[in-house]
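Data first, discussion second: the structure below is written as structure tokens.
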Amino acid sequence: MSGTRQVEKWVDEVAALTSPAKIAWADGSKAEYDRLVDDMLRDGTLLALNSRTYPNCYLHRSHPSDVARTENLTFICTGTKEDAGPTNNWMAPAEAKERLAGLFRGSMRGRPMWVIPYLMGPAGSAMSRVGVMVTDSAYVVASMHIMTRVGAVAFEHMRSDDDFVRGLHSLGDLSPDRRFIMHFPEERLIWSVGSGYGGNALLGKKCHALRIASSQARTEGWMAEHMLILGLEDPDGRVTYLAAAMPSASGKTNLAMVVSNLPGYRVWTVGDDIAWIHVDKNGQLRAVNPERGFFGVAPNTSAKTNPNGAAMVRSNTIFTNVALTPSNEPWWEGMGPEPPAGLIDWQGKPWTPGAGPAAHPNSRFTVPAQQCPSIAPNWEDPEGVPISGFIFGSRRARVVPLVFEAFDWNHGVFLGSAMGTETTAAITGKVGVVRRDPMAMIPFCGYNMADYFGHWLSFASRLKAPPRIFRVNWFRRDEQGKFLWPGYGENVRILKWIVERIRGGGRAIETPIGYVPAPGSLDESGLSLAPGAMEAALRVDRDEWRQALDELREFYEQFGPRMPAQIWNAHADTARRLGL
Ligand code: GTP
Ligand code: SPV
Ligand code: MN
């Protein structure tokens, strides 16, 4: 197989740079996947797991210094620094290419180079987009098989000869000193070298479907967001679709497939990480999941916390950096059973209790979305699903109530822009530090974030009825540091209130920051919270918010005059309502 003339031309250029021993075009077939797996079992890239309890499941161990996204090595290479904005690393395109050409030159010598044509989004959808990725990693090819739609289907969706995102990837020597993840949004081009892990290397995901796509979406009038998509079915059988942005390792996968603790309610999964959202001809937002699989966090996935997640990874799954039991089964912290004797840690060494986590905190599973028991029957509908509400969630031990609703669209965009979160193991660096993460997009916005806020604001006038916007925080803690809210399956109670608000009915009280559930309006049937816990989870603390607004002012100021006036106005209105 080969693609259009433009594809072939680019592949030739790349091959001239990287000098591979041969070029293999991926067709996305099962035979090809099986061959890749066989090769990787032979050379030790994969280990076969217990074929009785985990059929067609494999374990991969990445290089110990290559276990999470490296944001400090990730760049947006626009013509001007201002177009990348103050929250992105920037390098001039010519300089970036010169530096990386040095690393790519001859990097595939003696080894095969795969060309992976892939489609992001359902077949037949006008919202879907094409990429062509080149890589020297068999693990990446197999992962792309699971995460995207690989093969001829990609070429069939090209709207012109050069309608594809170019992605060049090489493992290089895996040294963080020679690792770069470079984006050229103006050329729809990605160059990634020196990492074989996750969002650094599976270029269809963060690099294409978020960083390049967000820039493309701005030009074309749609949205590329770090959001799950779910449908909440109520006891009358009505399904309301919501999209929720939450930072990395902060609950999207869990919420997207949550098993309801409320009788009569059920959640259908459309996507767990990325949403592409368009305005249809009736002024309604419609979302598709550009991905075909889940690359989800393993630790804390259990039959208790995430029964659908636990069930779906029992076959056809590639695990990366989890621990291994003596019976060749994967194991991670929070899985449920106690660690068995003779456990092997994520680096392949014997594990002893007290020696730190056996599975890497950012260990993950890669699994076809189709295997999720709650996958929505219409998850690949080319028209997408109609979005009635947006949720912004983050990890905050303090300040942010369990749930509240924005006054209107502009206020909701302000709340999204105001998000802060405690960092997780999904990125290298310190865990648990509060940082600004507007719309959970700080690592993924391929252009100036002030312009991104402006883009969000621009939808109000294009929509018949803009979706309601909600803010959630499952992670608020009490004085002793304990979570105030049990989370997981109980989060359906919050979804229920949100859908009641959207459909009319759910009761709320007005506070300076938005509408908070009125006492008794959250369904607490069958739930026993500690006395006072609900009040504490919903409380709006004036002093904490005053400080938050100060921090926010500092964050906004770095954007200078590019910051939309509506955001500053919402900030000022909040201060005024707080009596400041
Ligand atoms: P990315 O794939 O990195 O974008 O992350 P994600 O947002 O899909 O994260 P995921 O759902 O995998 O959440 C990962 C972490 O959040 C795990 O440690 C979970 O246990 C924890 N988590 C998810 N939901 C809840 C919740 O409701 N309450 C609490 N306390 N923890 C949660
Ligand atoms: C995230 O970090 O938000 C992820 C995992 O979804 S990765 O694909 O590695 O970026
Ligand atoms: Mn993510």
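Remember, it's 1-based here, ligands and their atoms both numbered in the order they're listed.
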Checklist entry - For the Mn ion (ligand 3), does an N/O/S atom of Gly199 lie at less than 2.8 Å? => result no
Checklist entry - If you measure from CZ on Arg188 to CZ on Arg129, what distance do you get to the nearest 0.5 Å? => result 8.5 Å
Checklist entry - Looking at the rings of Phe184 and Trp90, which for Trp means the six-membered one, are their centres under 6.0 Å apart? => result no
Checklist entry - Looking only at heavy atoms, is any part of Thr301 under 4.0 Å from ligand 1, and if so is it the side chain, the backbone, or both, or is it neither? => result neither
Checklist outcome for this item: Note: heavy atom closest to atom 5 (O) of ligand 1, options Ala249, Pro361, Ala68, belongs to Ala249
Next on the checklist: Closer than 4.0 Å to some heavy atom of Phe444 - which atoms of ligand 2 meet that?
Outcome noted: 3 (O)
Checklist entry - Which is closest to atom 6 (O) of ligand 2 in terms of heavy atoms, Glu71, His226, Lys206? => result Lys206
Next on the checklist: As a quick check of understanding, evaluate side-chain contact (heavy atoms from CB on, under 4.5 Å) for Asn88 and His183, giving each step before the final call.
Outcome noted: CA-CA 11 Å; Asn88 279 313; His183 305 75; over 6 Å; no
Checklist entry - For ligand 1, which atoms sit closer than 4.0 Å to a heavy atom of His226? => result 4 (O)
Item to check | Side chains of Thr317 and Tyr58, donor plus acceptor under 3.5 Å | outcome: no
Checklist entry - Can you tell me if Gly296 has a non-hydrogen atom under 4.0 Å from ligand 1? => result no
Checklist entry - Using heavy atoms and a threshold below 4.0 Å, how should the contact between Glu490 and ligand 1 be classified: side chain, backbone, both, or neither? => result neither
Next on the checklist: Could you work out, for atom 8 (O) of ligand 1, the closest of Asn254, Asn306, Ile494, Thr253 by heavy-atom distance?
Outcome noted: Thr253
Checklist entry - Counting only N and O atoms by type, is there a donor-acceptor contact under 3.5 Å from the side chain of Asn362 to the main-chain atoms of Val67? => result yes
Checklist entry - Can you find a side-chain donor-acceptor pair between Asp437 and Thr421 that sits under 3.5 Å? => result no
Next on the checklist: Determine whether a donor-acceptor pair (N or O, by modelled atom type, separation under 3.5 Å) exists between the side chain of His455 and the backbone of Trp222.
Outcome noted: yes
Checklist entry - Does ligand 1 have a heavy atom under 4.0 Å from the side chain of Trp485, from its backbone, from both, or from neither? => result neither
Item to check | Region of Arg395 engaging ligand 1 - heavy atom pairs below 4.0 Å | outcome: side chain
Next on the checklist: Taking 4.0 Å as the limit for heavy-atom contacts, which would you say applies to Asp273 with ligand 2: side chain only, backbone only, both, or neither?
Outcome noted: side chain
Next on the checklist: Less than 4.0 Å is my threshold; does some heavy atom of Asn491 fall inside it relative to ligand 1?
Outcome noted: yes
Checklist entry - What distance do Lys252 atom NZ and Ile229 atom CD1 have between them, rounded to the nearest 0.5 Å? => result 12.5 Å
Checklist entry - Any idea which protein heavy atom is nearest atom 1 (C) of ligand 2, and the distance to it? => result Ser248 OG, 3.1 Å
Checklist outcome for this item: Restricting to heavy atoms, the pick from Phe365, Phe483, Tyr488 nearest atom 25 (C) of ligand 1 would be Tyr488
Checklist entry - Aromatic ring centroids of Trp456 and Phe390 under 6.0 Å? => result yes
Checklist outcome for this item: For Ala426, the atoms of ligand 2 under 4.0 Å from one of its heavy atoms are 2 (O)
Item to check | Among Pro247, Gly251, Ser248, Pro443, closest by any non-hydrogen atom to atom 10 (P) of ligand 1 | outcome: Gly251
Item to check | Ligand-residue contact atoms, ligand 1 with Asn300, heavy atoms, under 4.0 Å | outcome: 18 (O), 20 (O)
Checklist entry - Does any N or O in the side chain of His60 come within less than 3.5 Å of the main-chain N or O of Thr45, such that one atom is a donor and the other an acceptor? => result yes
Checklist entry - What part of Phe294 sits under 4.0 Å from ligand 2 if we count only heavy atoms: the side chain, the backbone, both or neither? => result neither
Checklist entry - Hey, is Tyr197 touching ligand 2 through its side chain, its backbone, both or neither, going by heavy atoms under 4.0 Å? => result neither
Checklist entry - Counting from 1, what ligand 1 atoms have a heavy atom of Arg364 closer than 4.0 Å? => result 1 (P), 2 (O), 3 (O)
Item to check | Nearest-option assignment for atom 6 (P) of ligand 1, heavy atoms, candidates Lys206, Lys252, Met227 | outcome: Lys252
Checklist entry - Distance from Asp272 atom CG to Asn289 atom CG, nearest 0.5 Å? => result 7.0 Å
Next on the checklist: Please tell me whether Phe319 and Trp332 form a close aromatic pair, meaning their ring centres lie under 6.0 Å apart.
Outcome noted: yes
Next on the checklist: Can you tell me which N/O/S atom of Asp273 has the shortest distance to the Mn ion (ligand 3)?
Outcome noted: OD1
Checklist entry - Are Arg477 and Phe483 in a cation-pi contact, defined as NZ or CZ under 6.0 Å from the six-membered ring centre and within 45° of the axis? => result yes
Item to check | Arg149 to Tyr118 six-membered ring, cation-pi geometry met (6.0 Å, 45°) | outcome: no
Item to check | NZ (Lys206) - the Mn ion (ligand 3) - NE2 (His226) angle, nearest 10° | outcome: 80°
Checklist entry - Going by distance alone, is a donor N or O of one side chain under 3.5 Å from an acceptor N or O of the other, for Glu490 and Trp474? => result no
Item to check | atom 9 (O) of ligand 2: nearest protein contact (heavy atom, Å) | outcome: Gly199 N, 2.8 Å
Checklist entry - Just distances here: any N/O of Lys205 and N/O of ligand 2 closer than 3.5 Å? => result no
